[in-house]
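Data first, discussion second: the structure below is written as structure tokens.
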Amino acid sequence: MIQKPSAIAWRDIGVPLAVLFAALALWEALVRWKNIPPYILPAPSVILAKLIEDRELLFSSLLVTLGVTFEALVVATISGVALALLIAQSKWLERALLPFAITLQVTPIIAIAPLLLVYLQPGNAVLVCAFLVAFFPILSNTSLGLASVDFGLRDLFDLYRASPWQKLIYLRLPSALPQFLAGLRIGGGLALIGAIVAELAAGASGQGTGLAYRIVEAGFRLDIPRMFAALALISLSGLAIYGALAALSYVLLRGWHESARAQDE
């Protein structure tokens with residue numbers, strides 16, 4: 001049965017917001033009931049007040065972090081799709097290049113960030129870290145999509161003597177689109193995580209202006225409400241990135257792919 005758009009919006013947005021507000025209310029009540037000081041656990045109202053008080057500083061740092069995140073995501077998307085197309089054309093390239101991509105993915109980014117800070121400027125090091133963690137999900141998902149073409153459709157294109165270019169444009173790319181969008185959603189969140197991790201490493205050395213640097217700075221000053229305010233902005237940014245990419249996936253897949261059509265049921 002097809003539900004009305006209003007019912008879908010209430011299910012997808014209203015219910016999570018209701019649970020969030022209930023959790024915040026419980027948090028507020030617990031802090032007030034136990035009389036917990038703000039330097040141990042600030043109440044949501046205290047965090048909101050600090051967010052308003054330091055809005056210029058925190059939001060300017062947020063823009064720096066988001067700028068790095070989106071730049072890394074764009075570079076990871078272009079390079080990941082390009083490499084996936086190359087790998088799809090040759091098994092030799094897949095055998096030669098894929099192990100290096102896997103090595104970059106399985107190496108903890110927290111271990112790479114301090115090394116990159118030695119060789120690169122702090123801003124470039126943060127960008128490279130964010131790129132590294134976002135690159136592999138886009139590459140692997142796109143490669144899987146390009147390789148997951150229906151054999152019946154492939155035989156049909158061969159029957160009509162389609163050129164390799166026509167097979168790529170009209171068969172392989174549309175087949176790979178759902179997998180690519182799934183990788184993009186994962187890569188968007190990981191790009192933010194990579195930027196935050198690199199900023200933490202840069203902030204520990206006294207460099208950087210991003211939001212994670214403000215967390216490190218607030219930790220040194222024992223300004224716990226500011227730490228929670230910065231953390232709240234990071235969480236909201238991650239939700240916004242995922243929501244925007246999920247909406248993009250729904251728009252591109254709506255009407256022809258099962259994953260998008262199932263959301264309307």
Side-chain angles (χ1 to χ4, degrees), residues 1-63 65-66 69-70 73 133-134 137 141 178 181-197 200 210-212 214-215 218-219 223-255 257-265:
M1 183 180 67
I2 304 299
Q3 297 183 8
K4 295 181 179 180
S6 58
I8 298 174
W10 167 248
R11 180 193 64 190
D12 296 339
I13 299 176
V15 175
L17 285 178
V19 174
L20 174 62
F21 288 137
L24 292 177
L26 181 61
W27 180 359
E28 182 81 24
L30 181 62
V31 170
R32 292 180 180 273
W33 177 44
K34 294 291 187 179
N35 198 23
I36 302 176
Y39 58 83
I40 295 180
L41 180 63
S45 58
V46 176
I47 297 173
L48 179 60
K50 175 60 70 170
L51 188 60
I52 296 174
E53 178 184 350
D54 296 341
R55 59 186 179 276
E56 293 184 3
L57 179 66
L58 292 176
F59 280 96
S60 62
S61 297
L62 175 63
L63 291 178
T65 300
L66 290 180
T69 299
F70 289 128
L73 183 59
V133 294
N141 280 270
L181 292 172
L184 188 63
R185 291 197 300 272
I186 299 172
L190 290 179
L192 178 61
I193 293 174
I196 293 299
V197 169
L200 287 174
L211 202 55
R214 300 305 171 192
I215 295 178
D223 192 350
I224 308 303
R226 179 185 285 184
M227 294 180 69
F228 273 87
L231 183 59
L233 286 180
I234 293 173
S235 300
L236 291 175
S237 299
L239 289 173
I241 291 172
Y242 182 86
L245 294 177
L248 176 64
S249 300
Y250 177 77
V251 170
L252 294 179
L253 302 179
R254 180 180 54 187
H257 196 262
E258 292 81 359
S259 62
R261 297 179 64 181
Q263 298 180 23
D264 296 333
E265 296 180 355

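Everything numeric here is computed off the predicted structure, so don't read it as measured data.
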Closest contact, heavy atoms only, Gly187 versus Pro137: N-CB, 4.5 Å
For Ile36, side chain to side chain contact (heavy atoms under 4.5 Å, CB included) partners two or more places apart: Val31, Lys34, Ile40, Leu41
Kindly indicate whether the side chain of Leu73, heavy atoms from C-beta on, has any atom under 4.5 Å from the side chain of Leu184. yes
Please round to the nearest 0.5 Å and tell me the distance separating atom CD1 of Ile215 and atom CG of Leu58. 9.5 Å
State which residues pass side-chain hydrogen bond (donor to acceptor under 3.5 Å, both in side chains) with Ser61; sequence neighbours excluded, sorted by chain then number. Arg214
Report yes if some heavy atom in the side chain of Arg55 is under 4.5 Å from a heavy atom in the side chain of Ile52; otherwise report no. yes
Anything under 3.5 Å between a donor and an acceptor, one on a side chain of residues 227-246, the other on a protein residue two or more places apart or in another chain? List them.
residue: Ser235; atom: OG; partner: Leu231; partner atom: O; Å: 3.1
residue: Ser237; atom: OG; partner: Leu233; partner atom: O; Å: 2.7

Side chains of Ile47 and Trp27 in contact at under 4.5 Å (non-hydrogen atoms): yes
As an exercise, state the distance from CG of Leu192 to CG of Leu66, rounded to the nearest 0.5 Å. 7.0 Å
All side chain to side chain contact (heavy atoms under 4.5 Å, CB included) counterparts of Val197, not counting sequence neighbours: Ile109, Ile110, Ile193
Per the salt bridge (charged side-chain N to carboxylate O under 4.0 Å, His left out) rule, what does the pair list look like for residues 226-247, sequence neighbours excluded? Asp54-Arg226, Glu217-Arg226, Asp223-Arg226
Excluding sequence neighbours, so at least two apart, what forms salt bridge (charged side-chain N to carboxylate O under 4.0 Å, His left out) with Arg32? Glu28
Does Ser249 reach the side chain of Arg185, with side-chain heavy atoms less than 4.5 Å apart? yes
Quick one: which residue pairs count as a salt bridge (charged side-chain N to carboxylate O under 4.0 Å, His left out) with a foot in residues 230-246, not counting sequence neighbours? none
Looking at CG of Leu57 and CG of Leu62, how far apart are the two atoms once the value is rounded to the nearest 0.5 Å? 11.5 Å
Just by modelled atom types, is the Gly210 backbone N or O under 3.5 Å from a matching donor or acceptor in the Thr65 side chain? no
